[in-house]
Chemist: 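Supplied in structure tokens, the structure appears directly below.
All figures in this text were calculated on a predicted structure; none of them were measured in a lab.
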Amino acid sequence: MLKKTLVIVGIAIVMCIVALYFVYNRPHRSVSVADTSMTAQSLVAAFDQNEIDANDRFLDKIIEVKGKVKEVIKQDDSFILLLGDEQLPGSVSCTLDQAQDSVAYGLKAGDSVVVRGICTGFLMDVILINCKVVNESTQM
């Protein structure tokens, strides 16, 4: 009986390790095609006005956002762009894909950019992850 229990526990442990390996190493979702496109101000306004409705519309969707860079933040081994208007309290926080580091070094506050990423929700800012700068130009 003990031998049978040990075999079952061993198989369960191996299955858990294999499952964790595949979950950890799954490929990132591509942000090559946007589900919707809008300005940073309108995205922040949508979440400010009705967060539940905005979550239904934007959560886990690929969004292309156009706006002015408020700030470029270097955090650990990635860059975060804050997009929005200085007069508005909220912004769109875009965590750039690591392949975008060279683009981030060239950006500064006031630059106009178009960023595409996956919306993960709203805290004090709208959060986009796995972002790519699609188009960049200076002074909107």
Chemist: May I ask you to decide if the ring planes of Y105 and F79 are parallel, tilted or perpendicular, using 30° and 60° as cut-offs?
Modeler: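 Judged by the thresholds at 30° and 60°, the geometry between Y105 and F79 is perpendicular.
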Chemist: Of all the heavy-atom pairs spanning V69 and K108, show the shortest one and how long it is.
Modeler: CB-O, 3.6 Å
Chemist: Quick one: does L43's side chain get under 4.5 Å of I63's, heavy atoms only?
Modeler: yes
Chemist: What are the two closest heavy atoms between N50 and D53, and how far apart are they?
Modeler: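 Scanning both residues, the minimum pair turns out to be OD1-N, 3.2 Å.
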Chemist: Which is it for D48 and F122 under the side-chain contact (heavy atoms from CB on, under 4.5 Å) test, yes or no, and what are the steps along the way?
Modeler: CA-CA 9 Å; D48 277 340; F122 180 74; 3.5 Å; yes
Chemist: L82 and I73: which non-hydrogen atoms are nearest, and at how many Å?
Modeler: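 Closest approach of L82 to I73, heavy atoms only: CD1-CD1, 3.9 Å.
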Chemist: Taking it one step at a time, do D101 and L96 satisfy side-chain contact (heavy atoms from CB on, under 4.5 Å)?
Modeler: CA-CA 8 Å; D101 283 357; L96 295 179; 5.6 Å; no
Chemist: On a heavy-atom basis, which atom in P89 and which in K70 lie closest, and how many Å separate them?
Modeler: O-NZ, 4.2 Å
Chemist: Do the side chains of V134 and E64 get nearer than 4.5 Å, heavy atoms only?
Modeler: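 They are in contact (side-chain heavy atoms under 4.5 Å apart), so the answer is yes.
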Chemist: State whether the side chain of D125 and the backbone N or O of S91 hold a donor-acceptor pair below 3.5 Å, judged by distance alone.
Modeler: yes
Chemist: Should K66 and S112 count as side-chain neighbours, where that means a heavy-atom distance under 4.5 Å?
Modeler: yes
Chemist: CG of L59 to CZ of R57: how many Å apart, nearest 0.5 Å?
Modeler: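 Reported value, rounded in 0.5 Å steps: 13.0 Å.
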Chemist: Under 3.5 Å, is there a donor-acceptor pair between the side chain of K74 and the main chain of D76?
Modeler: yes
Chemist: Do L128 and V133 belong together in a cluster built from hydrophobic side chains that touch within less than 4.5 Å?
Modeler: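 Shared cluster, yes.
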Chemist: Same cluster or not: are I80 and V103 linked, directly or through other Ile, Leu, Val, Met, Phe, Trp or Tyr residues, by side-chain heavy atoms under 4.5 angstrom apart?
Modeler: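 No, because I80 and V103 fall into different hydrophobic clusters, even though each may have its own neighbours under 4.5 Å.
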Chemist: Closest heavy-atom contact between C119 and V126?
Modeler: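 Taking every non-hydrogen atom into account, SG-CG1, 4.1 Å.
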Chemist: Can you get from V115 to F47 by hopping between Ile, Leu, Val, Met, Phe, Trp and Tyr side chains that sit under 4.5 Å apart?
Modeler: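 Yes, it is one cluster - the side chains of V115 and F47 are joined through contacts under 4.5 Å.
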Chemist: When you look at CD1 of I8, are more than 12 heavy atoms from neighbouring residues, nucleotides or ligands closer to it than 6.0 Å?
Modeler: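 Yes.
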Chemist: Which atom names give the shortest non-hydrogen contact between C131 and G117, and what distance separates them?
Modeler: SG-CA, 3.8 Å
Chemist: Donor-acceptor pair, distance only, cut-off 3.5 Å: does the side chain of D35 make one with the backbone of I62?
Modeler: yes
